[in-house]
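What follows is a set of notes on a single structure, which appears directly below.
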Number of protein chains: 2
Amino acid sequence: MALIVQKFGGTSVGSVERITQVAEKIRKFRAEGHGLVVVVSAMSGETNRLIALARDISEDPDPRELDVILSTGEQVTIGLLAMALKAIGVPAVSFTGPQVRIGTDNAFGKARIQHIDDGKLRDALDSGKVAIVAGFQGMDDNGNITTLGRGGSDTTAVALAAALKADECQIYTDVDGVYTTDPRVVDRARRLDKITFEEMLEMASLGSKVLQIRAVEFAGKYNVPLRVLHSFKEGPGTLITLEEELSMEQPVISGIAFNRDEAKLTIRGVPDTPGVAYKILGPVSAANIEIDMIVQNVAQDHTTDFTFTVNRSDQRRTEEILRRVAAEIGAREVAGDSGIAKVSIVGVGMRSHAGVASKMFEALAKHGINILMISTSEIKISVVIDEKYLELAVRSLHSAFELDAPSEQVTE
Amino acid sequence: MALIVQKFGGTSVGSVERITQVAEKIRKFRAEGHGLVVVVSAMSGETNRLIALARDISEDPDPRELDVILSTGEQVTIGLLAMALKAIGVPAVSFTGPQVRIGTDNAFGKARIQHIDDGKLRDALDSGKVAIVAGFQGMDDNGNITTLGRGGSDTTAVALAAALKADECQIYTDVDGVYTTDPRVVDRARRLDKITFEEMLEMASLGSKVLQIRAVEFAGKYNVPLRVLHSFKEGPGTLITLEEELSMEQPVISGIAFNRDEAKLTIRGVPDTPGVAYKILGPVSAANIEIDMIVQNVAQDHTTDFTFTVNRSDQRRTEEILRRVAAEIGAREVAGDSGIAKVSIVGVGMRSHAGVASKMFEALAKHGINILMISTSEIKISVVIDEKYLELAVRSLHSAFELDAPSEQVTE
């Protein structure tokens with residue numbers, strides 16, 4: 001008998017019918033003999049409804065009071081799900097975040113979990129009940145209600161799994177697992193059986209929005225096996241786990257992520273003096289603009305070209321800042337380019353395999369795709385290319401690294 | 001500087017506009033230097049929406065989980081009102097029932113307040129904040145969320161006023177006070193400046209539904225001065241207080257209550273033996289039918305006629321029971337009459353004034369109104385009359401006991 005924490009998101013509990021379906025799913029799972037803690041989000045649309053109500057009161061709603069209001073969304077869901085379970089004969093009991101003493105700091109709207117008192121949950125489990133816990137919320141040391149920020153229910157589930165030393169934390173969503181890449185771009189994309197926490201972090205931050213990054217970090221830190229599954233379809237999903245758990249036949253590359261939402265900015269002819277990178281990026285950060293890739297190359301004339309990417313919506317503001325900076329530091333010119341895309345290959349296997357980068361560049365070259373920027377980390381290589389080649393690049397890389405599903409699985 | 005507990009019901013906080021209006025009202029009141037604790041209900045319609053959601057899940061919703069769901073209604077309101085206050089520069093902080101440790105028994109859906117820890121409220125008041133508290137809810141000794149039943153927010157307000165030894169508990173509603181009788185029946189009905197707890201209880205239970213009876217009982221028990229006021233109109237309202245607080249010129253009768261919802265049942269020719277009242281009323285109570293007035297008179301032939309009133313909707317069921325009972329005890333006949341109404345005059349003044357009853361009967365006789373039943377208590381005389389005379393009876397009594405507003409106040 002295993003102890004499992006399950007998390008159902010807003011669309012999975014978005015209506016009375018769906019809540020009833022989830023209850024039935026839990027009933028079956030419990031009949032197999034598992035101990036169950038179930039974390040739920042607010043019914044889809046509810047959080048937005050509450051935010052709109054708060055915004056009607058005040059354009060800049062007080063953060064403490066906003067958390068008091070928002071936390072009611074999950075509270076309604078736990079009551080309804082516990083009710084639905086009892087109605088079909090499954091003993092269940094609901095808990096709000098404060099009731100199970102999910103202790104957080106007092107950063108309203110983006111609180112971080114600091115400690116969990118598992119006593120109430122243990123009691124419920126020991127008496128054979130399914131414990132239903134409100135995701136996304138907690139309580140600070142002064143008893144104030146806090147919320148963890150959007151997607152915080154994933155984090156609640158992982159934190160509870162860590163506190164209870166659960167055998168697995170299952171995240172139910174509207175996809176049946178993590179894929180080698182976006183199936184809308186590559187029709188031979190495959191569901192991965194397993195992926196490491198590190199790879200998942202790289203995939204997630206690069207645009208595969210299956211799981212909240214914070215939850216994956218948390219799971220990695222406490223080594224909580226995390227499984228992504230479809231809420232209403234059968235299937236094994238994808239297990240996110242430690243590197244040691246991967247099988248020997250794990251491919252070198254696990255997946256290919258991409259992002260079209262970036263713009264590339266270059267400041268050319270920068271005098272190559274110490275501190276110049278800070279002079280350029282400092283004002284950009286100060287304007288709260290997030291910087292992604294950064295590349296710098298020193299030319300022979302002791303000037304340097306400095307290139308970085310930002311979110312496309314920040315391009316214009318960034319260019320304005322750079323022009324001011326260029327004048328101050330005596331740089332030659334500033335250029336912006338929004339017609340780009342970023343493609344990344346991710347895999348812990350590349351650590352022990354030489355030649356992964358050259359294989360990537362070869363595959364792109366074979367299709368005449370020019371590389372505009374390169375950036376590497378231990379388990380990831382990212383390139384920036386002309387946006388029009390994005391689909392071609394992803395498909396080429398997917399084949400080159402042998403990620404394609406066997407052709408008989410594919411409808412052509 | 002006084003400490004005041006104010007309570008705003010569902011219609012007073014039924015929309016963002018109204019919440020903003022209430023915030024403005026509180027701002028003005030606080031500017032006069034008062035310490036304020038404000039109790040609010042769920043926005044009107046919200047509790048019904050949540051009940052409907054629960055009913056969609058289960059026809060017989062689990063009471064514990066229903067309270068988890070219902071308590072969110074008030075929680076949203078406290079957040080919105082605190083937010084609205086802060087937005088206009090009034091320091092405020094919201095509290096759920098559990099947060100201010102409103103301790104109740106565990107009778108979900110109809111819990112009773114047992115103790116209140118006023119520490120958090122005192123802290124908020126000491127730091128100059130308006131404390132906004134969710135009405136209608138509390139927490140049992142095991143940390144389960146409980147609700148006090150419909151209208152429980154009045155009780156929350158009175159209980160907080162008692163715990164904090166507040167100078168006054170103000171209940172804001174959609175009427176501007178307690179009237180001598182229903183102004184829809186008597187256009188010269190007057191708002192009362194003061195009324196005693198006992199009189200208010202008699203008025204309320206007789207059909208003037210301004211305040212929850214439990215809240216009035218509670219206020220009387222702990223001697224909390226209670227004031228009924230209109231949410232959005234200026235005016236002194238009606239103060240509900242101890243008898244000692246009434247002025248010397250208080251009239252003998254404070255008000256006239258009436259009720260059209262009763263039916264009268266008579267069982268005739270009952271052998272006058274000990275225990276016969278129990279034999280008749282026992283089976284009626286056992287069927288969960290509430291009995292109001294009871295009158296018994298022994299005739300010369302050593303049989304008795306036994307008459308009582310029940311809610312009109314229970315008339316048929318009660319008659320069936322009585323026919324069975326009549327056969328068992330050898331009574332002559334059973335008769336039911338739904339064409340009746342009850343009229344009561346209420347006033348602590350009648351304790352010390354003889355002749356109140358005869359004055360009442362005289363006023364009715366003068367208009368040819370026949371009295372079918374009479375029942376008296378220390379501060380009330382109730383008569384049952386033919387329903388068609390109800391308005392005439394109320395108007396006659398209102399004049400006879402000098403309750404009419406001066407005629408210049410009346411539009412004719």
Side-chain angles (χ1 to χ4, degrees), chain A residues 13 15-20 23 42-43 46 49-50 52-88 91-96 98-101 119-120 123 132 134 139 142-145, chain B residues 13 15-20 23 42-43 46 49-50 52-88 91-96 98-101 119-120 123 132 134 139 142-145:
Chain A
V13 293
S15 65
V16 163
E17 291 68 35
R18 293 221 156 167
I19 289 172
T20 309
M43 294 170 78
E46 182 62 7
R49 183 183 76 86
L50 292 169
L53 208 51
R55 287 262 156 78
D56 278 353
I57 290 278
S58 162
E59 278 177 32
D60 181 25
D62 181 84
R64 179 191 184 277
E65 303 304 337
L66 189 58
D67 279 4
V68 169
I69 294 167
L70 292 186
S71 62
T72 63
E74 285 73 22
Q75 189 169 329
V76 170
T77 318
I78 57 171
L80 293 175
L81 181 56
M83 220 173 242
L85 283 165
K86 291 185 206 185
I88 56 171
V93 58
S94 74
F95 296 106
T96 63
Q99 279 180 321
V100 278
R101 308 207 168 277
K120 288 241 173 199
D123 289 349
I132 313 291
M139 181 174 74
N142 291 315
N144 295 307
I145 295 166
Chain B
V13 293
S15 66
V16 163
E17 292 67 35
R18 293 221 155 168
I19 290 173
T20 309
M43 294 169 78
E46 182 63 6
R49 183 184 77 86
L50 293 168
L53 208 51
R55 287 264 157 78
D56 278 352
I57 290 280
S58 162
E59 278 176 33
D60 180 25
D62 181 85
R64 178 190 185 276
E65 303 304 337
L66 188 58
D67 279 3
V68 169
I69 294 167
L70 292 186
S71 63
T72 64
E74 284 74 21
Q75 189 169 330
V76 169
T77 316
I78 57 170
L80 293 174
L81 181 56
M83 219 173 242
L85 283 166
K86 291 187 207 186
I88 57 171
V93 59
S94 74
F95 297 106
T96 63
Q99 280 180 322
V100 279
R101 308 207 168 280
K120 288 242 172 198
D123 289 350
I132 312 291
M139 181 173 74
N142 290 314
N144 296 306
I145 295 166

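Below, read A as the first sequence line, B as the second, and so on, with proteins coming before strands; counting in each chain starts at 1. Since we're looking at a predicted model, the values are computed, not measured.
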- Task: For A:E65 and B:S94, test the side chains for any donor-to-acceptor distance below 3.5 angstrom and give the result as yes or no.
- Result: yes
- When every non-hydrogen atom of A:M83 is compared with those of B:P61, the smallest separation belongs to CE-CB, 3.6 Å
- Item | Residue B:I78 versus chain A: region with a heavy atom under 4.5 Å | both
- Message: Under 4.5 Å from any heavy atom of chain A, what part of B:I19 do you find: side chain, backbone, both or neither?
- Response: side chain
- Under 4.5 Å heavy-atom distance to chain A, tell me which part of B:L81 shows up: side chain, backbone, both or neither. neither
- Message: Counting heavy-atom pairs closer than 4.5 Å to chain B, which one of A:V93, A:T20, A:L50 comes out on top?
- Response: A:V93
- Item | Side-chain donor or acceptor of A:Q75 paired with backbone N/O of B:I69 under 3.5 Å | no
- Over all heavy atoms of both residues, which pair between B:K86 and A:D62 is shortest? Give the atoms and the distance, please. NZ-OD2, 2.9 Å
- Task: Begin with the C-alpha distance, continue with both residues' side-chain angles, and end with the deciding distance and a verdict on side-chain contact (heavy atoms from CB on, under 4.5 Å) for B:I145 and A:Q99.
- Result: CA-CA 9 Å; B:I145 295 166; A:Q99 279 180 321; 3.6 Å; yes
- Item | B:L66 versus chain A, the contacting section by heavy-atom distance below 4.5 Å | both
- Query: Taking everything shown except B:R55 itself, do over 12 heavy atoms lie less than 6.0 Å from its CZ?
  - Reply: no
- Best-contacting candidate, B:L80, B:L53, B:D56, against chain A by heavy atom pairs under 4.5 angstrom: B:L80
- Task: Please state whether the side chain, the backbone, both or neither of B:T77 comes within less than 4.5 Å of a heavy atom of chain A.
- Result: neither
- Query: In terms of heavy-atom pairs under 4.5 Å with chain B, which of A:S58, A:G143, A:P98, A:A87 leads?
  - Reply: A:G143
